[in-house]
Amino acid sequence: MSDEEVIAISMQGYEELMQTIEEENVEFIRLTFFDVFGHQKNIALMSGELERAVRWGVSIDGSAVEGFDADVRSDLFLKPDLATISIVPWRPSDSRVCRIFCDVAWPDGTPFEGDTRYILRQAVRAATKRGIEVKFGSEMEFYVFRRDEQGNPTAMPIDRAGYMDVEPLDAGENLRRDICFALKEMGITPESSHHERGPGQMEIDFRYSDPITAADNTSTVRWAVRNICAADGCFADFSPKPLPNEPGNGMHLNISVHSEKEEDHTDAFMAGIMKHIREITLFLNPSPQSYSRLGRMEAPRYVSWAVQNRSQLIRIPADPSGRRRIELRSPDPAANPYLAFALLIRAGLYGIEHNLTLPTPLDVNLYKADPVLMRGLEQLPGSLQEALQAARTSALVQEFVPPACLEAYARIADRENLPEWRS
């Protein structure tokens, strides 16, 4: 397809989009992209500038973006993905604001290899070529803390409620309702929400969708939750272990695998993930806090699986409908979902391509099991440095993670300090 044909198709979508923008009284458009850690970035345009953005893209300084490694060729361009437009519901209703996700490209229009959304798109294409469809559904956990008189976050949770408690013990019920309504306005319908085990800890779960949409939604959720909590005078904390003696925040991933030939590749896909899990843990658990969470309070330590058992790395949840899915329990919300999903797809495809078989399931509670039983089990990395070493020696990581991206994560491991989440 020529550049002229691509522009023609884009402009057709632009004309339809402008109707929506005019009907919704949109004046500002946020073009959104992400650095290698999944931190959201954006540039705001007046609505009249969208045509230029669609035709030619919007220039950014790649050398200023963490992990892009564009010091010499620093000019990069944002290409709006027009299908991803959504109104930002917590912004004023007059002169409204909308958000559009963007892909990052070189000046000649070719995709920028360091864009993790592009890395995920390539993994999805590899699966499609093999007749495999992978879908993701995330379970997002976060804490909500009070702010002090100066508006600074404190370590005081908004309540002392526990698992699935109700109001008045649960002080987050109205907050979760507002979050769910806002997400629905943005085209994301949560499956459920509830209070989690920790004080002030919440969980919102989402249905399956294709990997790009699932990663876009996961990123949107973090952004929406932070903004709505801030408007309510609170602070939302997605870090893996906000309170040392309370449950950590997980981002459990429900993964379903489908084949065009209606073959069940779930076991091989799982086996591929288990084979490569240590190598990709750096990207699933990229914070020093991550390793305080793993191995405690239903967060896994061992590379194992079972049916229903929540002490395992992977469990197969009970489902009366007969559908079979994987629940991967090690990732946490510090992960960049685009990179995490991409590497999980690549690992799963490796399992399918090499017809890997699963080890025997462990139908025991690993937190209470005989140490003799666990002695022979492979463990997840115990620190960020150990995870980095596993990633550096991984053929899978070397093939699918750009060197600049890996080195950005290495710098974090070296100084044991993940950059603060930014909304």
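Values reported hereafter were calculated over all heavy atoms of this structure, with side chains retained and with hydrogens, waters and symmetry mates removed.
- Taking all atoms of both residues into account, the shortest heavy-atom contact from Ala161 to Leu169 is CB-O, 3.3 Å.
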*Does the side-chain contact (heavy atoms from CB on, under 4.5 Å) test come out yes or no for Phe28 and Val88, once each step is laid out?*
CA-CA 10 Å; Phe28 294 93; Val88 181; over 6 Å; no
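- Smallest separation of non-hydrogen atoms from Ala335 and Ala340: CB-CB, 4.5 Å.
- Residue Pro317 comes nearest to Arg315 through the heavy atom pair CD-O, 3.3 Å, listed as atom of the first residue, atom of the second, then distance.
- Ring to ring, Tyr143 and Phe235 are not that close: their centroids are 6.0 angstrom or more apart.
- Tyr350 meets the ring pair (Phe, Tyr, Trp, His ring centres under 6.0 Å) test with His276, His354; sequence neighbours excluded.
- Between Trp106 and Glu113, the side chains place a donor N or O and an acceptor N or O closer than 3.5 Å (distance only, hydrogens not considered).
- Salt-bridge check for Glu279 with Arg346: failed, with every basic side-chain N at 4.0 Å or more from each acidic carboxylate O.
- Between Asp103 and Arg117 there is a salt bridge, with a side-chain nitrogen of the basic residue lying less than 4.0 Å from a carboxylate oxygen of the acidic one.
- A donor-acceptor pair is defined here as one N or O able to donate and one able to accept, closer than 3.5 Å; such a pair exists between the side chain of Gln312 and the backbone of Leu362.
- Remark: Arg177 fails to qualify as a cation-pi partner of Phe181 under the 6.0 Å distance and 45° angle criteria applied to the six-membered ring.
- Rounded to the nearest 0.5 angstrom, Glu23 CD and Arg96 CZ are separated by 12.0 Å.
- Nearest heavy atoms, Ser290 versus Pro286: OG-N, 3.8 Å.
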*Would Phe142 and Ile204 satisfy side-chain contact (heavy atoms from CB on, under 4.5 Å), going step by step from the backbone distance to the final call?*
CA-CA 9 Å; Phe142 57 95; Ile204 303 179; 4.1 Å; yes
_I'd like to know whether Ser330 forms a side-chain contact (heavy atoms from CB on, under 4.5 Å) with Ile277, so could you lay out the CA-CA distance, the side-chain angles of the two residues, the decisive distance to 0.1 Å, and finally the verdict._
CA-CA 9 Å; Ser330 63; Ile277 190 67; 4.2 Å; yes
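- Side-chain atoms of Asn42 never come within 3.5 Å of backbone atoms of Arg30 as a donor-acceptor pair (strictly under, hydrogens ignored).
- Between the side chain of Arg99 and the backbone N or O of Ser86 there is no donor-acceptor pair closer than 3.5 Å.
- Between the side chain of Glu191 and the backbone N or O of Asp205 there is no donor-acceptor pair closer than 3.5 Å.
- Judged by distance alone, the side chain of Ser138 and the main-chain N or O of Met140 form no donor-acceptor pair under 3.5 Å.
- The pair Arg197-Glu246 does not count as a salt bridge, with every side-chain nitrogen at least 4.0 angstrom from each carboxylate oxygen.
- The distance from the CG atom of Asp61 to the CG atom of Leu76 is 8.5 Å, given to the nearest 0.5 Å.
- Between Glu407 and Arg392 there is a salt bridge, since at least one side-chain N of the basic residue sits less than 4.0 Å from a carboxylate O of the acidic one.
- Under a 4.0 Å N-O distance rule, the pair Asp267/Arg324 qualifies as a salt bridge.
- Ring orientation note: the planes of Phe68 and Phe33 are tilted relative to one another, at an angle of 30° to 60°.
- Counting heavy atoms from C-beta outward, Leu328 and Leu313 have side chains that approach closer than 4.5 Å.
- When all heavy atoms of Gly172 and Asp159 are compared, the pair lying nearest together is N-OD2, 3.9 Å.
- Using a 4.5 Å heavy-atom threshold, the side chains of Asp210 and Val124 count as separate.
- Taking 4.5 Å as the limit, some side-chain heavy atom of Arg222 sits within range of a side-chain heavy atom of Pro337.
- For the pair Asp165 (side chain) and Gly162 (backbone), a donor-acceptor distance under 3.5 Å is present.
- Between His194 and Tyr163 there is a side-chain heavy-atom pair separated by less than 4.5 Å.
- Put simply, the side chain of Glu173 does not reach to within 4.5 Å of the side chain of His195, judged on heavy atoms.
- The aromatic rings of Phe283 and Tyr409 sit perpendicular, their planes meeting at an angle over 60°, well past the 30° parallel limit.
- Residues Ile212 and Phe101 form no side-chain contact, since every pair of their non-hydrogen atoms from C-beta on lies 4.5 Å or further apart.
- Here the side chains of Gln289 and Asp332 are not in contact, with every heavy-atom distance at 4.5 Å or above.
- Side-chain atoms of Ser394 do not come within 3.5 Å of backbone N or O of Ala390 as any donor-acceptor pair.
- Proximity of a side-chain donor or acceptor of Asn249 to a complementary backbone N or O of Ser239 within less than 3.5 Å is detected.
- The closest side-chain heavy-atom distance from Asn217 to Phe206 is not below 4.5 Å.
- Using the six-membered ring where Trp is involved, Trp90 and Trp223 have ring planes that are perpendicular, over 60° apart on the 30 and 60° scheme.
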_side-chain contact (heavy atoms from CB on, under 4.5 Å), that's the test. Do Met202 and Val144 meet it? Break it down for me._
CA-CA 8 Å; Met202 315 294 166; Val144 182; 4.0 Å; yes
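- Few gaps surround CE on Met297; more than 12 heavy atoms of other groups in view lie less than 6.0 Å from it.
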*Arg411 and Glu66: CA distance, side-chain angles, deciding distance, salt bridge (Lys or Arg N to Asp or Glu O under 4.0 Å) verdict*: CA-CA 11 Å; Arg411 289 193 292 272; Glu66 188 73 38; 3.3 Å; yes
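- Expressed to the nearest 0.5 Å, how far CD1 of Ile119 lies from SG of Cys405 amounts to 5.5 Å.
- For the atom pair SG of Cys98 and CD1 of Ile29, the computed distance is 4.5 Å after rounding to the nearest 0.5 Å.
- The closest donor-acceptor contact from the side chain of Tyr118 to the backbone of Ala105 lies at 3.5 Å or more, if one exists at all.
- Here the CG-CG distance, from Asn336 to Asp35, works out to 7.5 Å after rounding to the nearest 0.5 Å.
- Nearest approach of Arg293 to Lys241, heavy atoms of both residues: CA-CD, 4.1 Å.
- The environment of CZ in Arg147 is crowded: more than 12 heavy-atom neighbours from other residues, nucleotides or ligands sit within 6.0 Å.
- A donor-acceptor pair under 3.5 Å is absent between the side-chain atoms of Asp232 and the main chain of Cys234, judged by distance alone.
- The OG1 atom of Thr281 sits 5.0 Å away from atom CG of Leu380, with the distance rounded to the nearest 0.5 Å.
- The number of heavy atoms from other shown groups lying within 6.0 Å of CZ (Arg91) does not exceed 12.
- Within 6.0 Å of CD in Gln150 there are more than 12 heavy atoms belonging to other residues, nucleotides or ligands.
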